[in-house]
Amino acid sequence: MLRLGIIGTNWITKQFIDAAQGTGRFELTAVYSRRLAKAQEFAAQYEQEVGLFDDLHAFFSSPDFDVVYIASPNSLHAQQTLAAVNAGKHVIVEKPMVANVADFDALDAAMAAHPDVFVFEAARHIYEDNFHRVRQFVDSHEVTGATLVYMKYSSRYDAYLAGKEPNVFTTKFAGGAMMDLGVYLVYAAIGWFGVPTHATYLPTMLQSGVDGTGVMHLSYPDFDVNMICGKTTQSYLPSEIYFGKDTLRLDAPESITQMDFTTPEGTAQLAGPQEDNPMAPEAAFFGDTITSGDHAAAARQLQLARQVHQVMTDMRLAAGVKFPGDKQ
Ligand SMILES: NC(=O)c1ccc[n+]([C@@H]2O[C@H](COP(=O)([O-])OP(=O)(O)OC[C@H]3O[C@@H](n4cnc5c(N)ncnc54)[C@H](OP(=O)(O)O)[C@@H]3O)[C@@H](O)[C@H]2O)c1
């Protein structure tokens, strides 16, 4: 059984713990929060004995857990991942795992010093069966383009408009539309079509310095992919992958339940069922991979993460969306 520690006590952590414990591979044994009372309150939801921490150094030094799930604000992911690896803990870190691809340099060095440690970015959608179905479909058909959309009005945008500073709308915490939602689209594009030859981003900026919405354009040798992400507007548009006169329409690239393939002859539904907890497939992969010691599988996922963050960092910096942690 893998003993799980967590950072971040919002709803997403509970959803991940439910998925992880549901695999039968993980058991929650340690909770970190900036406030001990909050750690206690969070741990009280679970029956088992759980170690409580409000000091990150003591948390990482603790023998209470083997794997940490990190769901803190984005700009803290890289440094917390680094501290965990240096403490010999396996890491499952929420998307985006780095704010800037340059953050991989220190991580690579730490992982070289701790070769037994596993590090995963929790890009949950790429572990879903329907995501794999799309890739298999794309592999066996000639793609002529795609339009991918993930634009959702954020529950925190009203607070932003009221003059507050929700983490996800600040540069300090590496927020904004591309970091929060665009990352799902970049994962989809690279996962399905490979690394683009060129990528650009046209953001619509908020006064706080982050992008509220934006349009990404990815060029491939034989086609282009257009992608729209946003947190200040609600879209109901589906996403589409084109094959000349035929079209594969997805209800949502970040969580596919519908895959309609339309040809001049008619429409076929290609999607399979989805798990109730959207984090269940990734939790199963992480648990199986660590338990079986499959470093090659983990390295493939990390290589994909690196490609995603290279493209995102390049697009973001060229578009003038800057974070305090950027070194370039
Ligand atoms: N995979 C998914 O489907 C999914 C969905 C939602 C979010 N996420 C990811 O999960 C991460 C957390 O998102 P969220 O919306 O929960 O973020 P958040 O509410 O801003 O913060 C998450 C946690 O971090 C701690 N925290 C808050 N402000 C902090 C600060 N100023 N300094 C240090 N720690 C702070 C809090 O825990 P304590 O108070 O206990 O310290 C909080 O519960 C993000 O990276 C996001 O991209 C993923």
Side-chain angles (χ1 to χ4, degrees), residues 5-20 28 30-45 50-59 68-81 83 91-100 103 120-128 131 150 152 154-157 159-160 164-188 208 210 229 231 252-256 274-283 285-286 305 308-309 312 323-325:
I6 59 104
I7 297 178
T9 52
N10 203 0
W11 64 271
I12 193 66
T13 302
K14 168 136 184 29
Q15 190 173 86
F16 182 77
I17 294 167
D18 289 349
L28 178 70
V31 171
Y32 164 83
S33 172
R34 290 166 299 164
R35 287 190 300 116
L36 209 53
K38 204 167 169 192
Q40 203 156 20
E41 191 187 326
F42 186 87
Q45 302 174 88
V50 173
L52 304 176
F53 299 86
D54 63 358
D55 179 273
L56 259 189
H57 182 71
F59 176 70
V68 61
Y69 168 71
I70 299 173
S72 53
N74 297 343
S75 62
L76 305 180
H77 292 178
Q79 67 200 62
Q80 290 174 345
T81 299
V91 179
I92 299 166
V93 55
E94 264 306 334
K95 40 58 66 174
M97 68 178 288
V98 295
N100 186 312
D103 295 336
F120 304 99
E121 180 172 27
R124 58 170 173 70
H125 63 316
I126 67 169
Y127 296 96
E128 292 183 344
F131 189 94
Y150 190 7
K152 188 173 176 202
S154 168
S155 59
R156 280 141 176 179
Y157 190 48
Y160 173 83
K164 303 212 173 82
E165 294 186 335
N167 295 338
V168 78
F169 284 106
T170 65
T171 55
K172 179 182 172 196
F173 288 113
M178 187 167 73
M179 297 303 283
D180 193 48
L181 303 186
V183 62
Y184 288 94
L185 302 180
V186 178
Y187 255 107
S208 69
V210 303
C229 59
K231 290 186 68 64
E254 78 288 357
S255 183
I256 302 165
Q274 229 201 2
E275 304 244 16
D276 288 341
N277 184 332
M279 304 179 96
E282 63 172 354
F285 177 85
F286 303 148
V308 164
H309 290 290
M312 285 183 50
F323 297 146

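In listed order, ligands and their atoms are each counted from 1.
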I'd like a table of donor-acceptor pairs (distance under 3.5 Å, sequence neighbours excluded) in which one partner is a side-chain atom from residues 30-42, with atom names and distances.
residue, atom, partner, partner atom, Å
Ser33, OG, Arg35, N, 3.3
Ser33, OG, Arg35, O, 3.3

Identify the heavy atoms of Met179 and Met312 that sit nearest to each other, and give their distance.
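That would be SD-CE, 3.7 Å.
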If you take all heavy atoms of Pro278 and Asp276, which pair is closest and at what distance?
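It is CD-O, 3.4 Å.
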For Ala252, give me all partners under side-chain contact (heavy atoms from CB on, under 4.5 Å), at least two apart in sequence or on another chain.
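side-chain contact (heavy atoms from CB on, under 4.5 Å) list for Ala252, sorted by chain: Glu254.
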Compile the donor-acceptor pairs under 3.5 Å between side chains in residues 50-59 and protein atoms, sequence neighbours left out, one pair per line.
residue, atom, partner, partner atom, Å
Asp55, OD1, His57, N, 3.1
Asp55, OD1, Ala58, N, 2.7

If you measure from NE2 on His125 to CD on Gln274, what distance do you get to the nearest 0.5 Å?
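That separation rounds to 12.0 Å.
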Name the residues in contact with ligand 1, where contact means a heavy atom under 4.0 Å away: which are they?
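For ligand 1, the residues that come within the 4.0 Å heavy-atom cutoff are Gly8, Thr9, Asn10, Trp11, Ile12, Ser33, Arg34, Lys38, Ala71, Ser72, Pro73, Asn74, Leu76, His77, Glu94, Lys95, Arg124, Arg156, Asn167, Phe173, Asp180, Tyr184.
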